[in-house]
Structure formats: structure tokens, C-alpha cells
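Read the numbers this way: they start at 1 and go in the same order the structure lists the ligands and their atoms.
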Amino acid sequence: MQKIRIGISTCLLGEKVRYDGGHKLDRYITDTLGHYFEWVPVCPEVEYGLPVPRESMRLIGDPASPRIVTVRTGVDHTEGMIKWAGDKLKQLEKEDLCGFIFKSKSPSSGIGGIKIYTSSGMPSNKGTGIFGGAFTRYFPLIPVIDDGRLHNPNLRENFIEWVLVFKRWKEFLKNDTKIRDLIAFHTNVKLLILSHSPKHYSTLGKLVAQAKKYQHDGLYSEYARILMEGLRLFATIKKNTNVLLHIAGYFKKQLTPEDKRELLEVIEQYHKGYIPLIVPMTLINHYVRKFDESYLKNQFYLNPHPVELMLRNHV
Ligand code: SF4
């Protein structure tokens, strides 16, 4: 598998770029995800021109347009950082990024929940970092997460699925595509999007059915917007159970009553939280191969990420 290019806050790779001269090496990122992802590191504070070590900074003022200032001496770096971020985002357009992992809690790199101090002195957690916020506004479709959320198995799984579909979508756009190609892409992504959001599944279905009414570029950008918006929503146990039961329906003629009962029992156990998603998924994949079920064979939902990442293994 060709490595996928992912932006990352430099300190998470173990580079000593933090204000205190340290780093925030994350071994899951480097040793596990590093097998599949190729990193494009960004350290806003150092690339903007600050030294290591340096005075730490914080956000102050209005959460909608915060200012970034040094904690002890109050030096305001807001204008310089915003200018640097604008130039950096233009450079990143050429990096073919399919995602970004940001350092949490950073007034420069964070993408949410950053402490912001107001005139009353009481901080709220409503801030976004100067660069992290600018990135998500500039690239609204690119999947993002921070290292804190990455360690929650559900959020991690969601992020990786989102990245892999975004990558497939970018590959798809590289070809001279026709409406029939979009229909084929949509057919393969259907069950995955259903597991994240039945509402987006239905909206995308209607969009593709009326594809001929749209201009090519408008159709594709609308499709991508709705698809990525849907993938941000979590695939819950309830939504996954719905998809698994839908898939089980494809085998009603091929399976013996005993096999059918076993499959439904396994889905029920998953629904009750006794076993991880990987269990019904493995059984279903076995039947997909055995009965050569062509529609299911190509579903991203059944093979969304490399097995070595051990996603879908948690209860
Ligand atoms: S959090 Fe961001 S600005 Fe701070 S050291 Fe890490 S990459 Fe640099």
C-alpha cells in the first residue's frame, strides 16, 4: 500500500521543538500509523521564527478571533502568526494531504478545546489554535484529529476511515471521471456512509440519482462535501447493527437456517456490546468470499483499513 501523506504537529514525531526544549513523541503515531502514513511535519511556532526554548504562549480575548501572546512578558504574535499561517496553507496545498494530526491543547496547533483567557481572568475551553483553526477553515474537507482524541479507539477508528475514504476520493478525482464512475464510487461507499449517517446516505443517494441535472464540478464538490460531512459522524453500535442486518439480508437464500441463526446471534451479541465489530465482520466476509457476492465484495465498509491497525477490535 502506498503511504498516505498526513500533516502532523512536529513535536508528536519526537522533534525537540517545544517551548521548553522538549518533545511530545507519540509512539502509536510513529510506530503503528507510521507504517501506513508518510508525515508532513509542521511546527507553527518554530517555522514562524521563534527559538527553542522560548517563552510559552496562550490565547486571550474573543474566542472567534483570539490573540496569541507570551505568558510572562505579554508579547503579541497574532499578526505575524496569522500571516505565516496564510503562506503555509498555500504551500500545503501542494502536499497532497489526506489528513492532519494536531497537538492538543496548543495555542498554535490545537483544533479545539484550547484554553482562552478573557479580561475577567477566567479561562474558557472554547479556543482553537491560530494555525489549527486556520487549517480547518482553509481545508474544510481534510480529516483532522488531535493526539488526545487519537487515543480514544472510537475516535481513532473514525479518523482513519475518514482519511482512507478521502484518499480514495482524491484518487478517483485524478481520472477523467464520468457520471457512471461516480455511481460506481458511490455504490462502493454506500454501506460505510450508512454506518456513519443514514441521513447523509439518503442525501447522497438522491444527489447521485439526479446527477445529470448538475454541472460536473458542482456535482463533485457537493458530493465530496456531503460525504465528508457524513464521515465526521460516528459509526455507533446501533448504526453498525443496522448495516450488519442489512448485509445479512443478502444471504437469506444461500445460508442454511442454522448458519442464518448463527449470523444473527453474532450480530445480536455485537449489538449488546459483548463482542467487537470485527467478529460479525469476519463472519460476513467469510460468506462474501464463499458466495462471491459481487455488490458486497467491493464495499469499503467490509475492508475499510489494514487489519494490522486492529481497529474494530474493541468492545
Ligand atoms: S504544539 Fe505545535 S507549535 Fe507547539 S511545539 Fe508542537 S508543533 Fe510546535
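- Ligand 1 has no atom lying under 4.0 Å from any heavy atom of Leu12.
- Relative ring orientation between Phe185 and Trp169 is described as perpendicular, the plane-to-plane angle rising above 60° on a 0-90° scale split at 30° and 60°.
- Of the protein's non-hydrogen atoms, the one nearest atom 6 (Fe) of ligand 1 is Cys11 SG, 2.3 Å.
- A salt bridge links Lys297 with Asp292; the closest basic N to acidic carboxylate O contact falls under 4.0 Å.
- Atoms of ligand 1 lying under 4.0 Å from any heavy atom of Val42, numbered from 1 in the order shown and given with element: 7 (S).
- At a 4.0 Å cut-off, at least one heavy atom of Thr10 sits close enough to ligand 1 to count as contact.
- The pair Asp96-Arg5 fails the salt-bridge criterion, with no side-chain N (NZ, NE, NH1 or NH2) lying under 4.0 Å from an Asp/Glu carboxylate O.
- Between Phe159 and Trp162, the angle of the ring planes goes over 60°, which puts this pair in the perpendicular group of the 30/60° scheme.
- The protein non-hydrogen atom at the shortest distance from atom 2 (Fe) of ligand 1 is Ser109 OG, 2.3 Å.
- Here the heavy atom of the protein found nearest to atom 8 (Fe) of ligand 1 is Cys43 SG, 2.3 Å.
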Worksheet item: Is there a ring pair (Phe, Tyr, Trp, His ring centres under 6.0 Å) between His186 and Tyr223 once you walk through the steps?
Response: CA-CA 9 Å; His186 179 64; Tyr223 184 88; 5.6 Å; yes
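- Heavy atoms of Lys103 found under 4.0 angstrom from ligand 1 belong exclusively to the side chain.
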